[in-house]
There are 2 protein chains.
Amino acid sequence: MGTVPATRVSRLPSGTSRHAQATRFDRRLEKILGHATEVFCRKGFEGASMRDLSRATGMSLAGLYHYCESKEQLLFLIQKHTFSTILEKLKAQLANVTDPEERIRMFILNHLQYFVSNQRGLKVLSHEDESLQNGLSSEIAGIKREYYRICLGLMEDLRRKRGLDFNTRTAVMSLFGMINWIYTWYKPRVDGNAEALAEQMGDIILNGIVHSGNRQKKKDQILKGHLTSRNLRHR
Amino acid sequence: MGTVPATRVSRLPSGTSRHAQATRFDRRLEKILGHATEVFCRKGFEGASMRDLSRATGMSLAGLYHYCESKEQLLFLIQKHTFSTILEKLKAQLANVTDPEERIRMFILNHLQYFVSNQRGLKVLSHEDESLQNGLSSEIAGIKREYYRICLGLMEDLRRKRGLDFNTRTAVMSLFGMINWIYTWYKPRVDGNAEALAEQMGDIILNGIVHSGNRQKKKDQILKGHLTSRNLRHR
DNA sequence: CATACGTTCGAACGTTCGTTCTAATTATAA
DNA sequence: TTATAATTAGAACGAACGTTCGAACGTATG
């Protein structure tokens with residue numbers, strides 16, 4: 001094993017007219033990745049076989065291997081493309097917003113918008129989080145870490161600017177839970193579009209942390225709610 | 001295929017002294033389920049082989065099949081036992097609480113307490129949600145539905161009693177996301193015990209929905225916060 | 001002792017797995 | 001056209017899969 005790289009993911013040097021050639025290969029690979037996403041989503045990474053992918057793409061097994069090195073690399077390409085796209089869109093959207101609260105709302109909206117437009121990809125990203133090994137795994141983990149740190153930064157900004165007292169790690173992880181778990185239950189006809197959902201989830205997490213710490217004896221709460229009041233509780 | 005049930009999960013009629021015999025079989029099966037949980041958790045259901053389980057339990061392959069009918073049934077037994085236990089504990093704990101808010105807090109606490117005491121089991125339950133087929137799948141789905149409906153009922157009670165206006169389905173699903181996603185990030189040394197986490201998540205979801213709907217133009221919010229005020233927004 | 005039964009095992013069943021080999025076919029460049 | 005390289009497929013590789021078989025073991029009751 002391990003000899004002769006042979007087929008590269010995207011080879012820039014290609015003898016012929018370069019443009020048509022490269023895009024032809026890449027377009028074909030993109031189609032394959034689309035079908036692979038659907039199959040991985042439906043059967044899981046381990047549960048899906050290369051023969052399933054062969055059937056889904058209408059290619060032979062050997063034909064598939066002309067465009068990728070392994071089944072694992074297909075998953076890697078799907079996850080990397082999905083995650084990179086989300087991250088890229090996020091940065092673009094965050095550039096237009098300065099208010100800490102609105103930035104968190106934008107984070108949620110961006111995630112849910114992408115989810116609605118590419119449900120299968122995001123499920124494969126979330127659900128097959130542990131399916132890659134070694135080098136491939138760590139590259140995805142790097143993007144994930146950046147995504148996490150951005151969100152953590154948004155939380156810390158809000159916390160600082162409003163003088164709040166809450167655990168930012170727990171808040172971020174809870175938010176991630178809300179927006180990632182969605183692939184297990186979301187139905188467009190029932191749950192509305194990304195904007196509506198993002199607003200609800202934004203309400204929950206933001207009001208949740210802004211008012212965090214004032215455990216109410218029922219009626220007490222009515223008089224509270226001042227934004228800058230520091231409600232000091234746990235950690 | 002399909003002939004001779006042979007090995008039953010737990011046979012009540014057993015020739016000998018009945019007690020010692022039945023418990024011996026059941027105890028052995030319990031050990032196997034414990035090891036299977038660990039392996040399924042680490043490698044995933046599809047990724048784990050019966051030979052992995054054989055190695056983990058120290059038994060031969062054929063020995064394993066003396067205690068179960070299939071790999072799928074092992075997953076089923078794990079999921080059913082885990083889910084049933086959570087549900088049972090939940091009902092017991094809810095019996096002592098009447099206040100709607102405290103009941104939701106109890107729901108969260110019960111879930112997290114069980115998670116901390118059986119992390120692997122809960123991961124196998126959450127992560128392998130789609131790994132069972134047909135009959136086995138639908139039995140677990142039934143328990144899941146009951147669990148969901150209990151939580152939905154708690155939300156609706158709170159909503160009704162406080163005259164709130166929020167989408168209960170979204171709230172429940174968001175809460176489920178928070179408490180289920182935890183298996184991807186929880187570290188005891190970093191994140192504290194179940195009680196601390198349950199309080200934080202309880203703060204988020206409860207303050208989140210109680211104050212839901214009052215999207216603030218920053219300073220507006222200070223004057224709001226009245227519990228029974230109906231803030232009419234989305235849907 | 002003999003009988004019966006729960007328990008365990010090595011070995012093998014047939015199938016499917018991810019991957020590769022070789023050769024044929026197609027498109028492009030000279 | 002011919003030469004070159006990209007693309008495809010049939011068939012097969014060895015390994016691993018879930019499961020089963022038949023025989024042995026241990027123990028306890030008749």
Side-chain angles (χ1 to χ4, degrees), chain A residues 1-29 31-32 36 39-40 43-55 57-76 131-133, chain B residues 1-29 31-32 36 39-40 43-55 57-76 131-133:
Chain A
M1 63 185 83
T3 59
V4 191
T7 312
R8 286 267 174 255
V9 178
S10 178
R11 43 283 183 81
L12 304 179
S14 69
T16 59
S17 55
R18 189 167 127 261
H19 252 306
Q21 274 270 14
T23 57
R24 177 178 149 81
F25 180 91
D26 290 347
R27 266 200 313 251
R28 203 89 173 80
L29 175 57
K31 286 261 188 199
I32 292 174
V39 175
F40 287 159
K43 313 188 79 169
F45 175 71
E46 295 278 4
S49 71
M50 290 301 280
R51 284 159 183 86
D52 291 328
L53 301 184
S54 163
R55 208 172 303 118
T57 56
M59 295 179 84
S60 69
L61 275 171
L64 271 181
Y65 277 95
H66 180 69
Y67 291 93
C68 68
E69 293 171 17
S70 64
K71 179 183 163 189
E72 195 183 12
Q73 200 204 23
L74 284 177
L75 177 61
F76 170 77
S131 298
L132 294 178
Q133 294 178 340
Chain B
M1 64 184 82
T3 59
V4 194
T7 311
R8 288 268 173 252
V9 179
S10 177
R11 45 282 184 84
L12 303 180
S14 69
T16 58
S17 55
R18 188 164 132 263
H19 252 306
Q21 274 269 15
T23 58
R24 177 176 152 80
F25 180 92
D26 290 346
R27 266 199 315 249
R28 203 91 173 77
L29 176 58
K31 287 259 188 203
I32 292 174
V39 175
F40 287 158
K43 314 188 78 169
F45 175 71
E46 297 278 1
S49 71
M50 290 301 281
R51 282 159 184 85
D52 290 328
L53 301 184
S54 163
R55 207 173 304 116
T57 56
M59 294 179 84
S60 68
L61 275 171
L64 271 182
Y65 277 95
H66 181 68
Y67 291 92
C68 68
E69 293 170 16
S70 65
K71 179 183 163 188
E72 196 183 11
Q73 200 204 22
L74 284 178
L75 176 61
F76 169 77
S131 299
L132 294 178
Q133 295 178 340

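Each chain gets a letter, A, B and so on, in the order the sequences are listed, and its residues count up from 1.
The shortest heavy-atom contact between B/A36 and B/L53 is CA-CD2, 3.7 Å. The shortest non-hydrogen separation linking B/Y67 to B/L29 is O-CD1, 3.6 Å. A pairwise comparison of heavy atoms in A/S131 and A/L75 identifies CB-CD2, 3.6 Å as the closest pair.
Separating the CE atom of B/M59 from the P atom of D/dT20 is a distance of 16 Å, rounded to the nearest angstrom. Summarising the geometry, the separation between CZ on B/R27 and C1' on C/dT7 is reported as 15 Å, rounded to the nearest angstrom. Atom NZ in A/K43 sits about 12 Å away from atom C1' in C/dC17, given to the nearest Å. One can place CD1 of A/I32 at 11 Å from P of D/dT7, the figure rounded to the nearest angstrom. For the pair A/L64 CG and C/dT19 C1', the computed distance is 11 Å after rounding to whole Å. In this entry the distance linking NZ of B/K71 with C1' of D/dT20 reads 17 Å, nearest Å. In this structure, B/Q73 places its CD atom 10 Å from P of D/dT19, rounding to the nearest Å. When the P atom of C/dG6 is taken as reference, atom CG of B/D26 falls 14 Å away, rounded to whole Å.
In this structure, A/Y65 does not reach the D/dT8 phosphate: none of its side-chain N or O atoms is under 4.0 Å from OP1 or OP2. Distances shown here put every side-chain N or O of B/R28 at or beyond 4.0 Å from the OP1 or OP2 atom of C/dG6. Close to C/dT7, at under 4.0 Å from its OP1 or OP2, lies a side-chain N or O of B/H66.
The residue among B/S60 and A/S70 whose nearest nucleotide of DNA chain C is located toward the 5' end is B/S60. Comparing A/E72 and B/L61 along DNA chain C, the residue whose closest nucleotide (by nearest heavy atom) sits nearer the 5' end is B/L61.
Side chains of A/T57 and A/K31 form no contact here, defined as non-hydrogen atoms less than 4.5 Å apart. Between A/E46 and B/F45, the closest side-chain pair of non-hydrogen atoms is not below 4.5 Å.
Considering only side-chain atoms of B/A62, the nucleotide from D/dT8, C/dT19, D/dT20 that sits closest is D/dT20.
Atoms NE2 and CD1, on A/H66 and A/I32 in that order, are 9.0 Å from each other to the nearest 0.5 Å. Between B/M59 atom CE and B/Y65 atom OH the span is 12.5 Å, to the nearest 0.5 Å.
Residues of residues 46-54 of chain A that place a heavy atom closer than 4.0 Å to DNA chain D, in numerical order, are A/R51.
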